[in-house]
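Below: the structure, in structure tokens.
Keep in mind that the numbers below use all heavy atoms, side chains included, and drop hydrogens, waters and symmetry copies.
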Amino acid sequence: MTRPRKAIVVAAGMGRRLRPYTDGIPKCLVPVAGRPILARQLDALRAHGVRDVVVVRGYLGDVLEARAAALGGGIRFVDNPDYRTNNILASLFCAEHEFDGPLLVSYSDIVFTADVVARAIASPADIALVIDRDFRAVYEGRTDHPLDEAEVAEVDLAGRVRRVGKRALPPDDAWGEFIGLVKLSAAGAARMRDAWRELAARYADRPDAPFMRAPAFRAAYLTDLLQHLIDTGVPIHPVEIRGQWREIDTVQDLERAAALWAGADAPR
């Protein structure tokens, strides 16, 4: 098994729910306990040899490039010129040409430990989703981002992901929460890329038509593509974690994550 040495980070969105922190910088540069979200991701990735990082940028992309040197080497950029009108899935596949081998895919608004990366890259699966079994504890007191917004997942008796996404199933019935980190083998990356190409061609003249749980194809989430693959028989497996990460979607999330990462028992 060839270990991923590359990651794609989807960082084009405007981060409206983090205003005023995102008024002048993209969401991935908002600091958590003194270090930008992206810097914390890079720390965890580089700890396991993932040093080629492709960042899909959009909102305030020039600011991101201007500050890239401070984040260290190995960062490349791909632009999403339509970031105001599309969503995570279309943004990710602005980097379609980078799906050429084993890699990791990550949302840009999550922080996670190096151990989470280790668990992801150790998975033998072609497509593996990092899923937190202890996700309910994270939502205690998380009033600005309630539990029903979680990208929950169900795992079947064969150990495969059966359902994934927001409102894919009741949170009380979920096996865990997909954190926004995916590990792909070369074969898994090719399968995702080929599925995207087929869907992009199918929806080329009707981008506003519904797709999976998204009201429009152009507004689809990554989980919509993942569920499409599952529904067409592609095996997707979980990577189980318990904590060791946080999503930074709201100002409340930022404050809670900053307190956690600044503490003496901060996740490592």
Side-chain angles (χ1 to χ4, degrees), residues 7 9-47 53 55-68 70-72 75 80 83-84 87-88 91 104-117 130-132 134-152 166 171 176-181 221-223 241-268:
V9 179
V10 186
M14 299 179 69
R16 292 183 179 92
R17 297 176 74 180
L18 261 180
R19 288 175 174 166
Y21 294 94
T22 53
D23 285 345
I25 56 174
K27 193 176 187 180
C28 66
L29 291 182
V30 172
V32 175
R35 286 185 62 71
I37 295 170
L38 182 56
R40 291 195 177 277
Q41 287 195 6
L42 292 170
D43 290 344
L45 293 168
R46 289 167 176 160
V53 179
V55 178
V56 181
R57 63 182 179 173
Y59 173 67
L60 296 178
D62 56 335
V63 176
L64 182 55
E65 185 167 7
R67 301 195 183 187
L71 299 171
I75 302 176
N80 174 6
Y83 67 90
R84 293 181 182 274
N87 209 334
I88 294 171
S91 192
L104 299 173
V105 171
S106 179
Y107 296 168
S108 66
D109 61 352
I110 57 175
V111 289
F112 44 80
T113 67
D115 182 63
V116 170
V117 176
V130 178
I131 297 176
D132 181 16
D134 289 344
F135 74 104
R136 291 177 185 87
V138 176
Y139 284 86
E140 294 175 2
R142 195 182 182 193
T143 55
D144 291 345
H145 186 117
L147 184 58
D148 61 6
E149 293 186 26
E151 290 192 325
V152 289
K166 291 183 181 180
E177 179 181 10
F178 168 54
I179 77 166
L181 183 63
Y221 288 90
L222 172 58
T223 51
I241 65 168
R242 293 186 178 271
Q244 298 182 289
W245 77 289
R246 286 294 186 272
E247 178 185 17
I248 316 297
D249 187 55
T250 68
V251 172
Q252 182 186 62
D253 290 343
L254 177 62
E255 293 169 348
R256 285 159 60 98
L260 178 63
W261 253 263
D265 57 348
R268 302 297 179 191

Minimum heavy-atom separation for L38 to L71, with atom names? CD2-CD1, 3.6 Å
Look up atom CZ in R35 and atom CH2 in W261, then write down how far apart they are to the nearest 0.5 Å. 13.0 Å
I'd like to check T113 versus I241 (side-chain heavy atoms, cut-off strictly below 4.5 Å). Are they in contact? no
State whether a side-chain donor-acceptor pair under 3.5 Å links Y221 with E151. no
Look up atom CG in D43 and atom CZ in F112, then write down how far apart they are to the nearest 0.5 Å. 10.0 Å
If you look at every heavy atom in P146 and T143, which pair is closest and at what distance? CD-O, 4.1 Å
When rounded to the nearest 0.5 angstrom, what distance separates CZ in R242 from CD1 in I131? 12.0 Å
Is R17 salt-bridged to D253, cutoff N-O under 4.0 Å? no
Within the distance-only criterion (no hydrogens, no angle test), does the side chain of Y59 pair as donor or acceptor with the backbone N or O of T22 below 3.5 angstrom? yes
Can you name the closest pair of heavy atoms from A12 and N80 and give their distance? CB-ND2, 3.9 Å
Where is the tightest heavy-atom contact between L45 and A7, given as atom of each residue plus distance? CD1-CB, 4.1 Å
Please confirm whether the backbone N or O of L64 pairs with a side-chain atom of R57, one donor and one acceptor, at under 3.5 Å? no
Measuring from atom CE of M14 to atom NZ of K27, what distance do you get when rounded to the nearest 0.5 angstrom? 12.0 Å
Donor-acceptor pair, distance only, cut-off 3.5 Å: does the side chain of D109 make one with the backbone of E247? no
Which atom of I88 lies closest to which atom of Y107, heavy atoms considered: CG2-CE2, 4.1 Å
Is there a side-chain contact between I179 and F135, using heavy atoms and a 4.5 Å cut-off? no
Atom pair CG/OH of L29 and Y21 - distance to nearest 0.5 Å: 15.0 Å
Closest non-hydrogen contact found for S91 with V56 is O-CG1, 3.2 Å
Between E149 (side chain only) and D144 (backbone N and O only), is there a donor and an acceptor less than 3.5 Å apart? no
Short question: side chain of S108, backbone of V10 - any donor-acceptor pair under 3.5 Å? yes
What is the ring orientation for Y139 with H145, classed by angle as parallel under 30°, tilted 30 to 60°, or perpendicular over 60°? tilted
Rounding to 0.5 Å, atoms CD (Q244) and CG (D115) come to a distance of 4.5 Å
Which residue in the set Q41, R246, R40 passes side chain to side chain contact (heavy atoms under 4.5 Å, CB included) when paired with I110? Q41
